[in-house]
Amino acid sequence: YSASFTNAAGCDSTAYLNLTIRKSTASTSSATACDSYTWNGVTYTQSGSYTAILTNAVGCDSMAYLNLTINVTPADPVITVTSNCNATSTLTTSSAGTILWSTGATTSSITVNSSGVYYATQTVSGCTSDTGFANVSIVVHTGTAWYVNNNSTSGDVYTTAVGNNSNIGTASCPFGTVTYAISQAVAGDTIFVDAGTYTENVSVNKGVTILGSNAGIDPNTGSRVSEATLSGTWSIASGSVTLNGFSVTGSGAAFAGSG
């Protein structure tokens, strides 16, 4: 640009201007973060809209706008361990987020059959918690005593639950049949059979002691409790088998011995 005017001495004067116009800028961005977010040197912990005045590359003001969402990292999952009668444990968490177990499962509960340390995290709105841990000790049968219960706890003296052959054969997790208990026992073991009726064809092929709910009680003079009743055919194929405390009933009930 140029301009002509008269200077102080009354003469013509021409002024020249080399002009560069630089522009200010503005930008808008959005961000989502867990717990906090640092933007232009400032750390924010609350969701909201924020503004920063900066200098752009050409030296002009630059207005920056941020739409920020802050999500809170959830708490570590609390894991509850329940020991099952079939030599497994069930791990459960009530956490509401997306669960990821150390086994790779994503359900709210898992069932495991090995002792050890298991852990889980939960994710809520893209934020993942620290790890929650659980120590698992699988309950297994130990010792020389085995327990049998039919499908009722009425009148029981040995056991505290109904029987199932998928159980481990303890007083709190008894088997459901005498036959299966014999298959798991070894010579010298004792099998406690609780009150109830057991209709089975049983082969006793090892030297075990099998005690009914009235073991040791005289059938004629003693005060007997609810009976463990045997109904079926029993084959005694060992010479060192003890049966005590049972009631035998039914037209088909029979005992045969070969030992």
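One-based numbering along the sequence shown. The shown structure was predicted, so the numbers you read here are calculated from the model rather than taken from an experiment.
A single hydrophobic cluster is seen to contain both Tyr180 and Val178, as judged by linkage of ILVMFWY side chains at heavy-atom distances under 4.5 Å, directly or through other members. Residues Ile168 and Ile182 fall into different hydrophobic clusters, defined by Ile, Leu, Val, Met, Phe, Trp and Tyr side chains chained together at heavy-atom separations under 4.5 Å. If you chain together hydrophobic residues whose side chains sit under 4.5 Å apart, Val204 and Leu211 never meet in one group. Both Trp39 and Val42 are assigned to one and the same hydrophobic cluster, defined by single-linkage of ILVMFWY side chains at heavy-atom distances under 4.5 Å. With hydrophobic clusters built from ILVMFWY side chains whose heavy atoms lie under 4.5 angstrom apart, Tyr198 shares a cluster with Ile236.
Listed by chain and number, the residues in a ring pair (Phe, Tyr, Trp, His ring centres under 6.0 Å) with Phe192 are Tyr147, Tyr158 (sequence neighbours excluded).
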Practice prompt. Check step by step if side-chain contact (heavy atoms from CB on, under 4.5 Å) holds for Val72 and Asp35.
Written response: CA-CA 5 Å; Val72 177; Asp35 303 321; 4.1 Å; yes

Discussion item. Applying side-chain contact (heavy atoms from CB on, under 4.5 Å) to Ile99 and Thr121, what does each step give before you reach the verdict?
Written reply: CA-CA 6 Å; Ile99 303 300; Thr121 59; over 6 Å; no

Discussion item. Quick one, Val112 with Ile110, criterion side-chain contact (heavy atoms from CB on, under 4.5 Å). Give me CA distance, side-chain angles, the key distance, then yes/no.
Written reply: CA-CA 7 Å; Val112 298; Ile110 59 173; 4.0 Å; yes

Worksheet entry | Working for side-chain contact (heavy atoms from CB on, under 4.5 Å), residues Asn149 and Asp156 | CA-CA 8 Å; Asn149 182 288; Asp156 288 347; 2.5 Å; yes

Worksheet item: Under the side chain to side chain donor-acceptor pair (under 3.5 Å) criterion, do Thr123 and Thr128 qualify, and how do the steps go?
Response: CA-CA 4 Å; Thr123 300; Thr128 300; 2.8 Å; yes

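Remark: Asn167 CG to Thr159 OG1 distance equals 10.5 Å, nearest 0.5 Å. To the nearest 0.5 Å, atom CD of residue Gln122 and atom OG1 of residue Thr131 are 11.5 Å apart. If you take CD on Glu227 and CG on Asp194, they are separated by 12.0 Å, rounding to the nearest 0.5 Å. Rounding to the nearest 0.5 angstrom, the gap separating the CG atom in Asn214 from the OG atom in Ser226 is 8.0 Å. To the nearest 0.5 Å, the span separating CD1 on Ile79 from CG on Leu91 amounts to 6.0 Å. Between atom OG1 of residue Thr88 and atom CD1 of residue Ile138 there is a gap of 6.5 Å, rounded to the nearest 0.5 Å.
Using a 4.5 Å cut-off on side-chain heavy atoms (C-beta onward), Ser108 and Ser94 make no contact. Contact check for Tyr119 versus Trp101: no side-chain heavy atoms found under the 4.5 Å cut-off. The shortest side-chain heavy-atom distance between Val193 and Ile210 falls under the 4.5 Å cut-off. Using a 4.5 Å heavy-atom cutoff, the side chains of Thr93 and Thr80 are not in contact. Between Arg224 and Pro219 there is a side-chain heavy-atom pair separated by less than 4.5 Å. The side-chain heavy atoms of Tyr16 and Thr14, taken from C-beta on, include a pair separated by under 4.5 Å. Pro77 places a side-chain heavy atom less than 4.5 Å from the side chain of Ser129. Counting heavy atoms from C-beta outward, Tyr37 and Ile70 have side chains that approach closer than 4.5 Å.
Neither side chain, Ser152 nor Asn150, offers a donor N or O lying under 3.5 Å from an acceptor on the other. Under 3.5 Å, the side chains of Thr45 and Ser36 contain no donor-acceptor pair of N or O atoms. A side-chain donor from one of Ser166 and Asn164 sits under 3.5 Å from a side-chain acceptor of the other. Between the side chains of Thr177 and Thr179, no donor-acceptor pair of N or O atoms lies under 3.5 Å.
Taking all atoms of both residues into account, the shortest heavy-atom contact from Thr249 to Thr229 is CG2-CG2, 3.0 Å. Taking all atoms of both residues into account, the shortest heavy-atom contact from Val78 to Ser95 is N-OG, 4.1 Å. Annotation for Ser13 and Asn7: closest pair CB-CB, 4.0 Å, computed over non-hydrogen atoms. Ala161 and Pro174 get closest at one heavy-atom pair: O-CG, 3.3 Å. Trp234 and Leu243 make their closest contact through CZ3-CD2, 3.8 Å (heavy atoms, listed as atom of the first residue, atom of the second, distance). Pairing each heavy atom of Gly212 with each of Ala228, the nearest pair is CA-CB, 4.0 Å.
Judged by distance alone, the side chain of Thr107 and the main-chain N or O of Ser109 form a donor-acceptor pair under 3.5 Å. Without hydrogens or angle criteria, Asp61 side chain to Ser24 main chain gives no donor-acceptor distance under 3.5 Å.
For CD1 of Ile53, the number of neighbouring non-hydrogen atoms (other residues, nucleotides, ligands) closer than 6.0 Å is 12 at most. Residue Tyr50 qualifies as enclosed at atom OH: its count of foreign heavy atoms under 6.0 Å is above 12. Atom OH of Tyr1 has 12 or fewer heavy atoms from other residues, nucleotides or ligands within 6.0 Å.
Ring geometry, His141 versus Trp146: the interplanar angle falls under 30°, so the pair is classed parallel (tilted spans 30 to 60°).
Screening residues 62-71 for side-chain hydrogen bond (donor to acceptor under 3.5 Å, both in side chains), with sequence neighbours left out, gives Thr25-Ser62, Ser49-Asn67.
Paired with Thr111 under the rule side chain to side chain donor-acceptor pair (under 3.5 Å), one option of Asn86, Thr90, Asn84 passes, and it is Thr90.
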